*Asks:* 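Quick one: this structure, given as structure tokens, is what I'll be asking you about.
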Amino acid sequence: MFYCSNPRCSHPFNPDNCKFCQSCGVQGLTPLFRNRYRVIRLLGEGGFGRTYEAVDTDRMDDPCVIKQFMPQFQGTSAIEKATELFQQEAKRLYELGEHPQIPRLIAYFEQDQRLYLVQELIEGQNLLAELTQQGVFNEEKIWQLLADLLPVLKFVHDRNVIHRDIKLENIIRRRTSLNSSLPKTKTLRNSAFRKGGRGDLVLIDFGVSKQVTGSLMSKSGTTVGTRGYSPMEQMRGQVFPGSDLYSLGISCLRLLTNCLPQVDGYDELYDPTKGIDNWRKKLPPHTSLSRKLGEVLDKLIQDYLINRYQSADEVIKALNLYSLPPQPPLSQSAGKIALNSEQKIGGSLVVHNPQPPRPQPPINVVNKQEEFNSSVAVTQANKNFNSPKNTFKFELVTLDKRGHQTNVILGKADFFEEIIGSGRFIEMVSVPSGNFLIGSASNEGDSDEKPQQQVTLAPFYIGKFPVTQAQWAVVAALSEIKIVLNPDPSRFKGVNRPVENISWYEAVEFCARLSRKTGKNYHLPSEAQWEYACRGETMTAFNFGETITTDLANYNGSSNYAEAPKGIYRAQTTDVGSFKPNAFGLYDFHGNVWEWCADFWHSNYNGSPTDGRVWDYRGDDSLRVLRGGSWNDHAPNCRSACRLRYQPDCRASIVGFRVAIG
């Protein structure tokens with residue numbers, strides 16, 4: 001099919017090999033835009049031109065969207081302003097990079113004296129269509145929406161961009177969830193900090209977004225946005241991060257009430273004498289809404305900017321979204337929480353009896369002035385690491401894609417015990433040198449896991465388990481180096497459970513204190529070290545094989561992976577060492593808690609180090625890498641190659657770490 005690029009053509013589709021458009025007579029028809037993009041259908045048109053669904057022939061017919069700029073306004077100034085907005089959209093999409101919840105810019109070019117913008121196609125429907133088809137949202141769906149979009153707004157605002165047109169039509173729910181259990185889905189993405197994972201909602205249409213730097217924030221400009229969603233300062237030409245938060249709050253109210261602004265300007269949600277203060281009266285009968293969510297929504301929609309939240313991070317903290325999943329009822333025994341006790345699945349009783357790490361003495365209070373050998377140089381201490389002190393044996397299990405055990409063998413590994421004080425120690429396991437391919441093959445995983453790169457690593461040591469709460473408390477009591485450490489930060493209590501609610505900065509502080517005490521160079525593993533240690537000389541999705549089950553890891557088993565059965569959802573951390581190790585004798589790499597790595601975030605592996613070093617250059621230094629999935633993640637997010645990024649000051653009940661040397 002040949003497509004006529006004339007935006008005024010009423011019937012632009014023409015049979016193959018036409019030299020002239022049969023509708024408008026335009027010459028030079030071509031089957032491809034820029035010899036690359038084939039138009040499939042017209043999606044919409046307006047004053048700026050047309051939007052097409054297309055495929056990218058250079059990328060195996062990957063779906064995309066083409067925006068053709070051909071404004072039909074009268075007057076030079078109007079056209080210049082429209083051109084500026086169109087160019088601005090391309091620039092913003094490029095600057096916002098590879099965020100999975102913002103359409104990715106593929107190309108921006110001129111052809112036949114017209115401008116074109118090509119971007120990722122988000123397959124799904126917007127929230128206005130969802131509201132129309134499914135009815136009002138309940139509280140749970142509003143929480144999910146806020147947990148999905150607030151981190152996106154934080155990402156956008158941190159880059160000095162204000163969206164300025166957040167509304168139901170500009171929020172799309174992906175047709176295929178990013179947390180699908182299908183192992184080969186093209187849209188597989190990481191989850192972060194909400195029930196069931198994140199990433200289902202995508203924020204689109206940055207055509208009226210505005211860069212806000214310096215004094216520009218306080219200058220008046222052209223009024224943009226949508227009546228019924230924009231705050232009063234925006235309608236007067238000024239925008240702030242709080243302006244987007246207002247629009248998000250109003251969007252939530254419209255989803256809760258189904259009160260939508262009308263074409264004639266009438267808005268049932270707005271009372272000229274009271275503003276939007278009476279929105280609760282518009283809720284459907286018997287609607288249940290928690291006091292906390294109501295208070296947050298009230299503050300989001302305040303008329304005066306000073307009375308609103310000033311940043312997305314403030315709203316995230318107010319809603320405690322970093323620890324969003326509610327703690328389930330736990331059985332109590334003798335005043336202690338009973339872990340891994342009897343649980344029902346499909347009517348049958350499942351009992352899991354964990355094998356914990358070797359018992360350590362009860363935790364004691366440690367004097368902050370506890371002595372440490374500060375005179376021992378780190379490099380000198382590390383010279384003694386070629387002679388492990390101990391060897392341990394373990395069982396190694398392999399699964400097929402149905403989750404059936406295909407092999408059980410005995411393994412052994414070398415390790416040493418690092419005494420850290422008060423009878424506590426950390427077991428450090430020797431990982432041999434070797435080569436491996438970091439990331440996922442071209443037909444698996446997501447774009448940030450590609451391209452696979454060959455990495456050669458020298459031998460190193462890494463923690464047998466994630467750092468436990470008992471170990472954390474001892475080191476947190478040592479003298480401060482840069483920041484204060486909370487000795488008891490975890491949400492799920494237990495001396496042998498992994499410590500969580502730990503920021504990247506706090507994990508680095510832990511390593512620094514431990515290094516100063518022991519004279520050894522403790523640090524967070526590089527991303528390459530982490531994946532090499534996790535895989536244990538495998539190249540399958542998990543170090544157990546082609547799939548994973550909740551008998552072998554702590555994750556959200558409410559959906560399956562490959563052909564394995566569904567499992568249980570424990571909804572909390574478990575004691576480290578409760579499941580089988582990998583071939584290196586290392587535990588808990590899949591699930592339980594995401595683990596911080598030392599690296600900056602990079603959106604792919606192009607240019608990554610080939611020797612396993614920390615990749616802390618030419619990346620986004622405002623983000624750090626997390627690996628391994630958690631108790632709250634579905635199986636795809638617990639794969640060996642799966643990656644997550646977040647701000648280094650983030651704390652969450654799904655985030656912990658382990659330490660390395662070498």
Side-chain angles (χ1 to χ4, degrees), residues 43-48 51 72-73 78 81-82 85 125-139 141-142 145-146 149 153 162-173 201 203-210 220-240 242-289 293-305 307-309:
L43 292 177
E45 56 186 320
F48 284 72
T51 302
Q72 301 178 36
F73 305 143
K81 183 61 178 178
L85 289 174
Q125 66 177 4
N126 64 45
L127 292 191
L128 179 60
E130 184 173 323
L131 176 64
T132 302
Q133 294 175 14
Q134 302 180 21
V136 295
F137 279 34
N138 58 22
E139 176 167 358
K141 291 184 72 172
I142 296 298
L145 181 151
L146 292 170
L149 292 183
L153 283 183
I162 309 298
H163 186 281
R164 297 204 298 177
D165 199 22
I166 295 174
K167 57 184 178 180
L168 302 188
E169 297 93 319
N170 285 340
I171 303 170
I172 292 180
R173 188 180 302 280
L201 297 179
L203 187 59
I204 67 168
D205 200 354
F206 282 76
V208 295
S209 64
K210 189 170 188 176
S220 298
T222 304
T223 300
V224 293
T226 301
R227 186 181 298 276
Y229 289 93
S230 301
M232 60 182 184
E233 75 273 3
Q234 183 172 326
M235 302 309 291
R236 293 174 178 172
Q238 295 176 285
V239 291
F240 305 84
S243 307
D244 278 349
L245 296 176
Y246 176 95
S247 299
L248 181 61
I250 291 295
S251 298
C252 290
L253 296 188
R254 300 202 182 281
L255 291 169
L256 284 167
T257 63
N258 200 19
C259 294
L260 303 174
Q262 303 301 308
V263 176
D264 61 4
Y266 175 73
D267 190 345
E268 187 180 356
L269 199 60
Y270 179 76
D271 183 334
T273 62
K274 298 180 180 179
I276 308 179
D277 291 342
N278 66 336
W279 61 268
R280 286 175 176 81
K281 295 181 180 179
K282 303 297 182 179
L283 294 172
H286 311 299
T287 298
S288 175
L289 199 67
L293 181 59
E295 290 174 348
V296 169
L297 292 175
D298 279 335
K299 190 168 181 178
L300 282 171
I301 61 166
Q302 291 296 306
D303 280 337
Y304 293 103
L305 181 68
N307 295 329
R308 283 181 230 143
Y309 295 104

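One-based numbering along the sequence shown. Please read all numbers here as calculations on a predicted model, not as lab measurements. Keep in mind that the numbers below use all heavy atoms, side chains included, and drop hydrogens, waters and symmetry copies.
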*Asks:* Hey, what do you get for CD (Gln302) to CG (Leu297), rounding to the nearest 0.5 Å?
*Replies:*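 Rounded to the nearest 0.5 Å, the CD-CG separation comes to 11.5 Å.
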*Asks:* Checking Leu127 against Ser251 for the side-chain contact (heavy atoms from CB on, under 4.5 Å) test, could you report, in this order, the C-alpha distance in whole Å, the side-chain angles of both residues, the deciding distance, and whether it holds?
*Replies:* CA-CA 9 Å; Leu127 292 191; Ser251 298; over 6 Å; no
*Asks:* Using only atom types and a distance under 3.5 Å, with no angle test, would you say the side chain of His163 pairs donor to acceptor with the backbone of Leu203?
*Replies:*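 No, the answer is negative, given that no donor and acceptor are paired below the 3.5 Å cut-off.
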*Asks:* Is there side-chain contact between Asn138 and Thr287, with heavy atoms separated by less than 4.5 Å?
*Replies:* no
*Asks:* Are Pro231 and Leu305 side-chain neighbours, meaning at least one heavy-atom pair lies under 4.5 Å?
*Replies:* no
*Asks:* If you define the side chain from C-beta out and look only at heavy atoms, does anything of Asp244 sit under 4.5 Å from Leu153?
*Replies:* yes
*Asks:* Say whether, by atom type as modelled, one donor and one acceptor occur between the side chain of Asn170 and the main chain of Asp165 under 3.5 angstrom.
*Replies:*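 A pair under 3.5 Å: yes.
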*Asks:* Can you find a pair of side-chain heavy atoms, one from Asn258 and one from Leu260, that are under 4.5 Å apart?
*Replies:* yes
*Asks:* Applying salt bridge (Lys or Arg N to Asp or Glu O under 4.0 Å) as the test, list every pair that has at least one member in residues 245-254; sequence neighbours left out.
*Replies:* Arg254-Asp267
*Asks:* Measure across Ser247 and Ser230 and return the closest heavy-atom pair with its distance rounded to 0.1 Å.
*Replies:*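 Of all heavy-atom pairs spanning Ser247 and Ser230, the closest is OG-CA, 4.1 Å.
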*Asks:* Side chains of Leu248 and Leu300: closer than 4.5 Å at any heavy-atom pair?
*Replies:*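 They are not in contact (no side-chain heavy atoms under 4.5 Å apart), so the answer is no.
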*Asks:* Taking it one step at a time, do Leu201 and Ile172 satisfy side-chain contact (heavy atoms from CB on, under 4.5 Å)?
*Replies:* CA-CA 6 Å; Leu201 297 179; Ile172 292 180; over 6 Å; no
*Asks:* Give the C-alpha distance, both sets of side-chain angles, the deciding distance and a yes or no for side-chain contact (heavy atoms from CB on, under 4.5 Å) between Arg280 and Asp298.
*Replies:* CA-CA 10 Å; Arg280 286 175 176 81; Asp298 279 335; 2.9 Å; yes
*Asks:* Can you list the residues that meet the side-chain contact (heavy atoms from CB on, under 4.5 Å) rule with Glu169, with sequence neighbours excluded?
*Replies:*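 So Glu169 forms a side-chain contact (heavy atoms from CB on, under 4.5 Å) with Asn126, Leu128, Lys167, Tyr229.
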*Asks:* Are the side chains of Ile142 and Leu256 in touch, meaning some heavy atoms are under 4.5 Å apart?
*Replies:* yes
*Asks:* In chain order, what residues pass the salt bridge (charged side-chain N to carboxylate O under 4.0 Å, His left out) check against Lys141, with sequence neighbours excluded?
*Replies:*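 Salt bridge (charged side-chain N to carboxylate O under 4.0 Å, His left out) list for Lys141, sorted by chain: Glu130.
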*Asks:* Kindly write out the residues that satisfy salt bridge (charged side-chain N to carboxylate O under 4.0 Å, His left out) with Arg227, not counting sequence neighbours, or none if the list is empty.
*Replies:* none
*Asks:* Give the minimum heavy-atom separation between Leu289 and Glu139, together with the two atoms involved.
*Replies:* CA-OE1, 3.2 Å
*Asks:* What pair of heavy atoms forms the shortest contact from Ile301 to Tyr246, and how long is it?
*Replies:*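 Nearest heavy atoms, Ile301 then Tyr246: O-CE1, 3.4 Å.
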*Asks:* Could you work out, with side-chain hydrogen bond (donor to acceptor under 3.5 Å, both in side chains) as the rule, every residue matching Gln125, not counting sequence neighbours?
*Replies:*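 Result, side-chain hydrogen bond (donor to acceptor under 3.5 Å, both in side chains) vs Gln125: Gln133.
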*Asks:* Can you list the steps and then say if Phe240 with Ile162 is a side-chain contact (heavy atoms from CB on, under 4.5 Å)?
*Replies:* CA-CA 7 Å; Phe240 305 84; Ile162 309 298; 5.7 Å; no
*Asks:* Which atoms form the tightest heavy-atom contact between Leu149 and Ile171, and what is the distance?
*Replies:*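 Nearest heavy atoms, Leu149 then Ile171: CD1-CD1, 3.6 Å.
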*Asks:* Any heavy-atom pair between the side chains of Ile276 and Leu253 that's under 4.5 Å?
*Replies:* yes
*Asks:* Among residues at least two apart in sequence or on other chains, which ones pass salt bridge (charged side-chain N to carboxylate O under 4.0 Å, His left out) with Glu233?
*Replies:*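 Applying salt bridge (charged side-chain N to carboxylate O under 4.0 Å, His left out) to Glu233 gives Arg308.
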*Asks:* Kindly indicate whether the side chain of Leu245, heavy atoms from C-beta on, has any atom under 4.5 Å from the side chain of Ile166.
*Replies:* no
